[in-house]
Amino acid sequence: MQFEKDEILVVFSFEPYTNRIIEAVKLAYELGHSIILITDHISCPIISYASVTLKVEVSEEQFSVIPIIALLDALVIEIGKRSSEESIKKLKRLEKTLIEKNVLFSY
């Protein structure tokens, strides 16, 4: 409910699906927010609320977070490339503030 107009909710929903995440996605959808769903099956109960769905292939024999981590790594790299200039400015402002407030030690 604290989303700004152009912000997007990114949801990770893997079997077994929880009612809490289903209700959160429904609320975001009803409020008009875009949703990116990362899931393991196209039968995921919140797929109809998603603007974009990314299906991660998972093993049926054993649980592993490796496919999820690989997808996250790719997303972070791409978002970083697209927003690196602005991100660096924000990080520099944050660093300056933390030094001024004696949170960080500076030589």
Enter the distance from I36:CD1 to I8:CD1 here, rounded to the nearest 0.5 Å. 5.0 Å
Contact list for residues 92-102, test salt bridge (charged side-chain N to carboxylate O under 4.0 Å, His left out), sequence neighbours left out: K96-E100
Does this structure show an ion pair linking K5 with E7, if we count only N-O contacts that are shorter than 4.0 Å? no
By side-chain hydrogen bond (donor to acceptor under 3.5 Å, both in side chains) - contacts of K26 (at least two apart): none
Report all side-chain donor-acceptor pairs from residues 69-88 shorter than 3.5 Å, counting only partners two or more places apart or in another chain.
| residue | atom | partner | partner atom | Å |
| --- | --- | --- | --- | --- |
| E78 | OE2 | R82 | NE | 2.7 |
| E78 | OE2 | R82 | NH2 | 3.3 |
| S83 | OG | I79 | O | 2.8 |
| S87 | OG | S83 | O | 2.9 |

Should F12 and I68 count as side-chain neighbours, where that means a heavy-atom distance under 4.5 Å? yes
Residues two or more places apart in sequence or in another chain: which of them pass side-chain contact (heavy atoms from CB on, under 4.5 Å) with S43? H41
Listed partners of F14 passing ring-ring contact (aromatic ring centres under 6.0 Å, His included), at least two apart: none
dist T39:OG1 -> I46:CD1 (nearest 0.5 Å) comes out at 7.0 Å
Taking all non-hydrogen atoms of both residues into account, name the closest pair between Y29 and Y49 and its distance. CD1-O, 3.3 Å
Residue pairs passing the salt bridge (charged side-chain N to carboxylate O under 4.0 Å, His left out) test with at least one member in residues 31-41, sequence neighbours excluded, are none
pair L37-V52: side-chain heavy atoms closer than 4.5 Å: no
Does V103 sit in a hydrophobic cluster with other residues, and if so which ones, taking ILVMFWY side chains as linked at heavy-atom separations under 4.5 Å, directly or through other members? L94, L98, I99, L104
Would you mind listing every salt bridge (charged side-chain N to carboxylate O under 4.0 Å, His left out) that reaches into residues 9-18, with sequence neighbours excluded? none
Apart from I66 itself, which Ile, Leu, Val, Met, Phe, Trp or Tyr residues share its cluster (side-chain heavy atoms under 4.5 Å, direct or through members)? none
Working to the nearest 0.5 angstrom, can you tell me the gap between I38 CD1 and C44 SG? 11.5 Å
Say you draw a straight line from CD1 of I47 to OG of S13; how long is it, rounded to the nearest 0.5 Å? 10.0 Å
